2 protein chains.
Amino acid sequence: MEFAGSAMNDLCISPEHGRRGRLGRRKIIYDDTKEFKSKNLHAERRRRQKLSDRLLALRSMVPIITNMNKATIIEDAITYIQEQQESVKLLSDQLIEMDESLDETVKTVSDHEIDPAEEMKQCGIMEDIQVTYVDETKLWIKIILEKKRGRFTRLIEAIAYLGLELTDINVTSYKGAILVSSCVEGTYGDTLTVQQTKELLVEIIRSI
Amino acid sequence: MEFAGSAMNDLCISPEHGRRGRLGRRKIIYDDTKEFKSKNLHAERRRRQKLSDRLLALRSMVPIITNMNKATIIEDAITYIQEQQESVKLLSDQLIEMDESLDETVKTVSDHEIDPAEEMKQCGIMEDIQVTYVDETKLWIKIILEKKRGRFTRLIEAIAYLGLELTDINVTSYKGAILVSSCVEGTYGDTLTVQQTKELLVEIIRSI
DNA sequence: CGGCACACGTGAATC
DNA sequence: TGATTCACGTGTGCC
């Protein structure tokens with residue numbers, strides 16, 4: 001059983017053994033007039049060259065190459081792929097987060113904006129309090145309450161007393177109900193929580 | 001000049017030439033008791049195994065593998081890296097776009113918050129009070145005043161203190177100014193005069 | 001000089 | 001069977 005190469009084929013390639021430097025820098029001069037033991041020699045040559053070319057292409061794709069070694073090229077490619085996977089994950093997470101928050105605000109906004117008359121008719125004279133997050137210091141509140149004399153003024157006073165500044169406010173009275181939609185912010189830039197503010201408003205309205 | 005392998009070392013490895021199947025499925029049985037012509041045989045074995053391992057690791061990183069060939073693995077890795085690069089570019093572009101639009105809105109919003117009196121003057125907005133007759137008990141008032149913290153609340157309090165009930169009110173803040181348009185009526189159905197009410201409002205606003 | 005990285009031609013296994 | 005793929009041991013250039 002013969003094995004791996006033979007001295008017979010010494011002259012088939014250039015004296016320098018076809019090698020000039022490292023990966024991708026060799027100059028091969030084949031002498032195809034000679035005969036070989038294996039018939040798949042040409043195929044093997046093509047195969048080797050193809051693999052070398054792919055490796056070269058891979059090297060050109062990866063920005064950070066620590067070494068020109070075949071193994072190192074693949075290693076760097078692996079770490080690069082990992083970095084890219086993390087980048088993709090991070091970016092898409094951020095994007096999803098942004099999308100969700102945007103959807104949330106749009107949804108709450110459109111919820112608030114749909115057809116005041118319709119909503120009031122549906123709710124009739126049902127009192128309602130909704131608090132929507134705008135940013136850390138700003139909240140948007142919508143209040144529907146039964147119209148009573150001086151009740152709106154007392155509501156404004158109470159809100160101011162709680163340290164909330166009304167930046168924009170819109171008040172409508174209709175069919176015995178008052179609809180207040182307003183933007184409030186903490187007097188000294190305090191962080192406001194939706195739940196806490198809503199509870200405070202419920203307490204206020206119950207007392208007036 | 002001898003070249004590439006020799007029959008001398010046939011017995012150094014298992015009869016099946018250490019090969020069982022394709023990439024990553026070989027079972028190598030080395031016989032290190034034999035001597036070899038080349039002294040770097042072990043090193044070469046290690047090198048080959050390392051390269052195979054890297055290639056295997058690369059294969060595990062790439063989700064779509066069309067073939068198990070060495071060349072194909074690298075090829076698929078290249079296309080995967082390209083796809084990932086495009087994904088990263090697309091995602092970061094979207095993120096930048098979103099960020100910019102968000103910055104824009106934040107900027108325009110915060111633009112409103114800077115410099116109340118100055119901005120009003122620049123935009124040619126003057127403080128103004130207008131009172132319009134609706135009927136004996138109802139008046140429509142329009143007030144433009146410089147935005148100051150808590151000023152609106154104090155205005156509402158003062159109006160209530162004067163015995164005026166706010167039935168409908170609309171407040172908008174823009175360019176450092178507050179625009180209040182509201183319908184007021186006397187608390188006990190009193191007759192209201194335009195001139196008198198306007199003077200009262202002027203007095204109130206001057207004091208707050 | 002020795003270690004390292006590479007390409008080489010080959011036998012065998014797989015399809 | 002013929003084509004293809006693989007691992008092998010080796011020769012050689014380079015550091």
Side-chain angles (χ1 to χ4, degrees), chain A residues 1-56 58-59 65-76, chain B residues 1-56 58-59 65-76:
Chain A
M1 181 167 77
E2 200 153 350
F3 178 68
S6 152
M8 241 188 87
N9 303 316
D10 282 346
L11 299 177
C12 71
I13 54 172
S14 66
E16 323 97 34
H17 196 251
R19 195 172 179 290
R20 286 209 321 113
R22 300 173 91 78
L23 185 64
R25 300 184 189 176
R26 60 203 54 85
K27 186 168 71 180
I28 303 175
I29 304 170
Y30 293 112
D31 182 4
D32 291 340
T33 59
K34 295 281 180 182
E35 288 199 349
F36 295 88
K37 290 187 175 182
S38 287
K39 291 182 178 180
N40 67 337
L41 187 137
H42 287 80
E44 179 63 16
R45 281 178 186 168
R46 266 185 279 113
R47 174 184 164 269
R48 269 201 300 266
Q49 189 178 346
K50 190 164 81 174
L51 207 145
S52 275
D53 289 347
R54 303 290 183 219
L55 217 56
L56 218 68
L58 182 66
R59 179 170 70 97
I65 299 291
T66 56
N67 247 343
M68 286 297 212
N69 300 341
K70 282 181 169 180
T72 316
I73 288 173
I74 300 180
E75 200 174 349
D76 292 339
Chain B
M1 179 165 76
E2 200 154 349
F3 178 69
S6 153
M8 240 187 87
N9 301 316
D10 281 348
L11 300 176
C12 70
I13 54 175
S14 67
E16 324 95 37
H17 197 249
R19 197 172 179 289
R20 286 207 322 114
R22 300 176 88 77
L23 186 64
R25 298 186 192 175
R26 61 203 56 85
K27 185 169 73 178
I28 303 175
I29 305 169
Y30 293 113
D31 182 4
D32 292 339
T33 58
K34 294 283 180 183
E35 288 199 349
F36 297 89
K37 289 187 175 183
S38 288
K39 292 183 178 180
N40 66 338
L41 186 136
H42 286 80
E44 179 62 16
R45 280 178 186 167
R46 266 185 281 115
R47 174 183 165 272
R48 271 201 299 267
Q49 190 179 345
K50 191 164 80 175
L51 207 145
S52 276
D53 290 346
R54 303 293 184 214
L55 217 55
L56 219 68
L58 182 66
R59 180 171 70 96
I65 299 291
T66 56
N67 246 342
M68 285 298 212
N69 299 342
K70 281 180 170 181
T72 316
I73 289 172
I74 299 181
E75 201 173 348
D76 292 340

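So that the names make sense, note that chain A is the first sequence line, chain B the second, and so on, each numbered from 1. All of these numbers come straight from a predicted model, not from anything done at the bench.
- Residue A:D76 comes nearest to A:N67 through the heavy atom pair OD2-N, 4.1 Å, listed as atom of the first residue, atom of the second, then distance.
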Determine, step by step, whether B:K70 and A:R54 satisfy the side-chain contact (heavy atoms from CB on, under 4.5 Å) criterion, reporting the C-alpha distance in whole Å, the side-chain angles of both residues, the deciding distance to 0.1 Å, and the verdict. CA-CA 9 Å; B:K70 281 180 170 181; A:R54 303 290 183 219; over 6 Å; no
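- Nearest heavy atoms, A:I73 versus A:R59: CD1-CD, 3.6 Å.
- For the pair B:L41 CG and D:dA7 P, the computed distance is 15 Å after rounding to whole Å.
- For A:N40, counting side-chain heavy atoms from C-beta on, the closest listed nucleotide (C:dG11, C:dA7, C:dC6) is C:dG11.
- Rounding to whole angstrom units, CD1 of residue A:I73 and P of C:dC6 are separated by 8 Å.
- OP1 or OP2 of C:dG9 sits under 4.0 Å from a side-chain N or O of A:R48.
- Across the helix from C:dG2-D:dC15 to C:dC15-D:dG2, the helix axis at one end is tilted relative to the axis at the other end by 10° (nearest 10 degrees, each axis from five pairs).
- If you measure from atom CG of B:L51 to atom P of D:dA7, you get 9 Å, rounded to the nearest angstrom.
- Proximity of A:R45 to the phosphate of C:dA7: no side-chain N or O atom is located under 4.0 Å from OP1 or OP2.
- Under 4.0 angstrom from either OP1 or OP2 of C:dG3 there lies no side-chain N or O belonging to B:R47.
- Regarding A:E44, its CD atom lies at a distance of 11 Å from the C1' atom of C:dG11, rounded to whole Å.
- Nearest heavy-atom pair across A:L58 and B:L58 is CD2-CD2, 4.4 Å.
- Note that CD of B:E75 and CG of A:L55 are 12.5 Å apart. Values are rounded to the nearest 0.5 Å.
- Within the 4.0 Å cut-off from OP1 or OP2 of D:dT5, at least one side-chain nitrogen or oxygen of B:N69 is found.
- Atom C1' of nucleotide C:dC8 and atom CD of A:Q49 are separated by 14 Å, given to the nearest angstrom.
- Atoms NE2 (A:H42) and C1' (C:dT10) sit 14 Å apart, rounded to a whole Å.
- Remark: A:K70 is in phosphate contact with C:dA7, judged by side-chain N or O atoms under 4.0 Å from OP1 or OP2.
- Taking atom CE of A:M68 as the reference point, atom P of D:dG13 lies 21 Å away to the nearest angstrom.
- Nearest heavy atom pair, residue A:I74 against residue B:L51, reads CD1-CD2, 4.4 Å.
- With values rounded to the nearest 0.5 angstrom, B:E44 atom CD is found 10.0 Å from B:R46 atom CZ.
- Summarising the geometry, the separation between CZ on A:R46 and P on C:dG9 is reported as 13 Å, rounded to the nearest angstrom.
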